[in-house]
2 protein chains.
Amino acid sequence: MAVTLADVAARAGVSAATVSRVLSGNYPVAGATRSRVLRAVEELEYVVNGPASSLAAASSDLVGVLVNDIADPFFGIMASAVQSEMEPEKAGGKLAVVCNTGGSPQRELTYLTLLQRQRAAAVVLTGSAVEDPEHAEALSARLRRLAAAGTRVVLCGRPPLPEADGDGDDGGTGDGGKGIPGGGAPLTVAFDNRGGARRLTGHLLALGHRRIGYVAGPAERTTTRHRLEGHRAALADHGRDHGHDLLAEAARLTVHGAYDRSSGYDGTLELLRREPGLTAVLAANDTVALGVCAALREAGLSIPGDVSVAGFDDLPFSADASPALTTVRIPLHDAGARAGRLALGRESAPPGGVATVRTELMVRASTAAPRANRPVPQAG
Amino acid sequence: MAVTLADVAARAGVSAATVSRVLSGNYPVAGATRSRVLRAVEELEYVVNGPASSLAAASSDLVGVLVNDIADPFFGIMASAVQSEMEPEKAGGKLAVVCNTGGSPQRELTYLTLLQRQRAAAVVLTGSAVEDPEHAEALSARLRRLAAAGTRVVLCGRPPLPEADGDGDDGGTGDGGKGIPGGGAPLTVAFDNRGGARRLTGHLLALGHRRIGYVAGPAERTTTRHRLEGHRAALADHGRDHGHDLLAEAARLTVHGAYDRSSGYDGTLELLRREPGLTAVLAANDTVALGVCAALREAGLSIPGDVSVAGFDDLPFSADASPALTTVRIPLHDAGARAGRLALGRESAPPGGVATVRTELMVRASTAAPRANRPVPQAG
DNA sequence: CTGTTAGCGCCTTCAG
DNA sequence: CTGAAGGCGCTAACAG
């Protein structure tokens, strides 16, 4: 039905093998022959049959990028950075495709299966992982199988997989260890969420804040936990230095919600209910922070005059929100690009397989010292 | 290397054909046999070899979704809606993958080639098209070939392709017309950008605005042009009814920029320079509108007290921006879902192959009647 | 440098 | 309802 290699070969007066060789470009072919073939390809508008090629070569040019929420720039930036490393225009370039899990562990597994079915060259998993042990087990099993099948696995923005303990290979290949083709152990580009959160809370404490609310992300996600840990570590630091235990209050001043604007809004209302004397609110990320700001404003509180607000991630809109948001910068583009290169094997693996990217505190206009005696609104 | 159909067959004590049949599920197989096979599949952790299967069946379960900017929720929402129709968990479900063109026509073509190479089941192109005639020609040629190869093509949020005039099939198959397998002519889910813009500008005119600035999108994109046309149509309506020609001013009060926040910011500054007496600014979309608001605020102008602002698209953040943004709602999710169903052939084609989705004016807090004598800032 | 020869793993008639 | 057999289009050794 469609034009095949053989058609091109016939037209160029060469064998199919020769056509294949000029197309893949990794084998010497005489200049004259090459151009004759290329012309035939043009004339016939030939397009390689990917499945056939993948089958014969036992390899594919698909690279999957899994994201939790495709409508969130946090993931968009990483995904496009990964894609930017793929060079799809060049021969041998990969086709990076992004798959939206919607944050569902089930869907994550489904996509991994589909990608495994396609014999994807690599898979990049971005964003926080769900901490449910059952899912974690299913996930690492699947990832291990992918790696064993030669698919490179890269984690970006999530912690490294737990060591595959037990080696419970039920009577399989029985090869003694490093028999894995292109895969190997999953590589990781991790974010220093803990450190970033710690510095951020430290910044607020240094400004003099003592009643700090925290609108955290979903309770079961690694990113949420790490940021929360950093936050509490800073509170603990403070307690150690000043003999003033802020940790006891921490749980009461923490609410959980999704990584979206409305949970920032709702969370802030709840926090205000619990503690009308709040002088600062930390948000799970910048998007949540915008919701926090909206709720605060509607409550008649000024930012940072009455209440300071800070986000996390430093997405593009944060710098020119009003007021400009104090936040923790994660170099998402760099991280994604690096993950992309690792996925292609174009960059050597970091020691231990884990690269941690530094986060940076961005102090802007949304945080300031608390007012000495801020008028406490009437509690509901 | 990996476990194959034959392995499963051997384990289940049946032939490969039988395994294939239970897996694809579209052929009668005895219940006992089926469960025996399924168990073998489980035990062996068998995963179909996609390329082999695609080759043999001459079909694939890949569906490509092309977007201009993956970090923009406008596209994220459509893409996830498309994916939501794919049912990847079910047998016969498709793998929807999104490809980020970054707005580059070249990259758009590259991805289409790659998708054609993969023999994608369908391709959905979202967002505005570039109007360069050369590219348009290359694009429709590629799309026609895709369709001819059996790939369903759906346009979502862009105008239908021009009719393939000439029928310049250079001595090809010579089948007399409707010989196309699954493809057929590209289907379109178009947005009524023109009508939406017209109502939006009409709304401002009705409020009493006469000096309306417009921060438009990139000049060469269809969406930009349609929204601008709607805007000017409303101005023309007004002139006709009131004998007051606003069109003459329109060009001077229009600036072009990217679909991002900073062009809203910069564009507003430029408009203010050209016409310090502006009472309203229309933005290419909601994101741009946020930039407009930022610039206005920094210029010491209040919204909507001094200047009204309106966006387009009604992205989630628009409703709770401050002030809440007047905008034109496009049912992006519905449109994307419909495109997805059309791509799967699960919904019958609209008459003429083009479905136009209605847009809806959302009047919120960012627009109001102009102040009778607003203090004109000193021009620079 | 180029042609020939086997498959890659699966689907799909065609028999039974 | 199940098995046997051929071939999908391409690549990767081999020869030459």
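Proteins get letters first, then strands, A, B, ... in listed order; numbering begins at 1 in each.
Scanning both residues, A:Lys94 and A:Ala121, for their nearest heavy atoms gives CE-CB, 4.3 Å. Scanning both residues, B:Glu85 and B:Leu344, for their nearest heavy atoms gives O-CD1, 3.2 Å. When all heavy atoms of A:Asn68 and A:Phe75 are compared, the closest pair comes out as CB-CZ, 3.4 Å. Here the closest non-hydrogen pair linking A:Val82 and A:Gly336 is CG2-O, 3.4 Å. The two residues B:Leu342 and B:Arg152 make their nearest non-hydrogen contact at O-CD, 3.3 Å.
Checking C:dG3, C:dC10, C:dT2 against every side-chain atom of A:Thr33, the shortest atom distance belongs to C:dT2. The listed nucleotides are C:dG3, D:dA4, D:dG9; the one nearest the side chain of B:Ala17 is D:dA4. Minimum atom distance to the side chain of B:Ala57 is reached by C:dT12, of the listed C:dT12, D:dG3, C:dG9. Comparing C:dG9, D:dC10, C:dG3 against the side chain of A:Ser15 picks out C:dG3 as the nearest. Here the nucleotide nearest the side chain of B:Asn49, chosen from C:dC1, C:dG9, C:dG3, is C:dG9. Closest to the side chain of A:Val29, from the set D:dG3, C:dT2, C:dG9, is C:dT2. Counting only heavy atoms from C-beta on, A:Thr18 has its side chain closest to C:dG3 among D:dC10, C:dG3, C:dC10.
Heavy atoms of B:Ala30 sit under 4.0 angstrom from primed sugar atoms or phosphate atoms, though from no base atom. Within 4.0 Å (heavy atoms only), B:Leu5 reaches sugar-phosphate atoms of the nucleic acid but no base atom.
Contact between the side-chain N/O atoms of B:Ser53 and the OP1/OP2 oxygens of C:dC11 is found at a separation under 4.0 Å.
Between the side chains of A:Ser15 and A:Thr18, at least one donor N or O sits under 3.5 Å from an acceptor N or O. Between the side chains of A:Asp61 and B:Gln118, at least one donor N or O lies within less than 3.5 Å of an accepting N or O.
Within residues 110-122 of chain A, no residue has any heavy atom under 4.0 Å from DNA chain C. Contacts between residues 19-26 of chain A and DNA chain C, counted as heavy-atom distances below 4.0 Å, involve A:Arg21.
Side-chain contact check for B:Glu137 versus B:Glu134: every heavy-atom pair is 4.5 Å or farther apart. Within the 4.5 Å cutoff, the side chain of B:Val47 has heavy atoms near those of the A:Arg142 side chain.
Between B:Tyr27 and B:Ala52, the one whose closest nucleotide on DNA chain D sits nearer the 5' end is B:Tyr27. Comparing B:Arg36 and B:Ala56 along DNA chain D, the residue whose closest nucleotide (by nearest heavy atom) sits nearer the 5' end is B:Arg36.
Between A:Arg144 and B:Glu45, no side-chain nitrogen of the basic residue sits less than 4.0 Å from a carboxylate oxygen of the acidic one, so the salt-bridge criterion is not met.
An angle of 30°, rounded to 10°, separates the two end axes of the helix from C:dC1-D:dG16 to C:dG16-D:dC1, each defined over five pairs.
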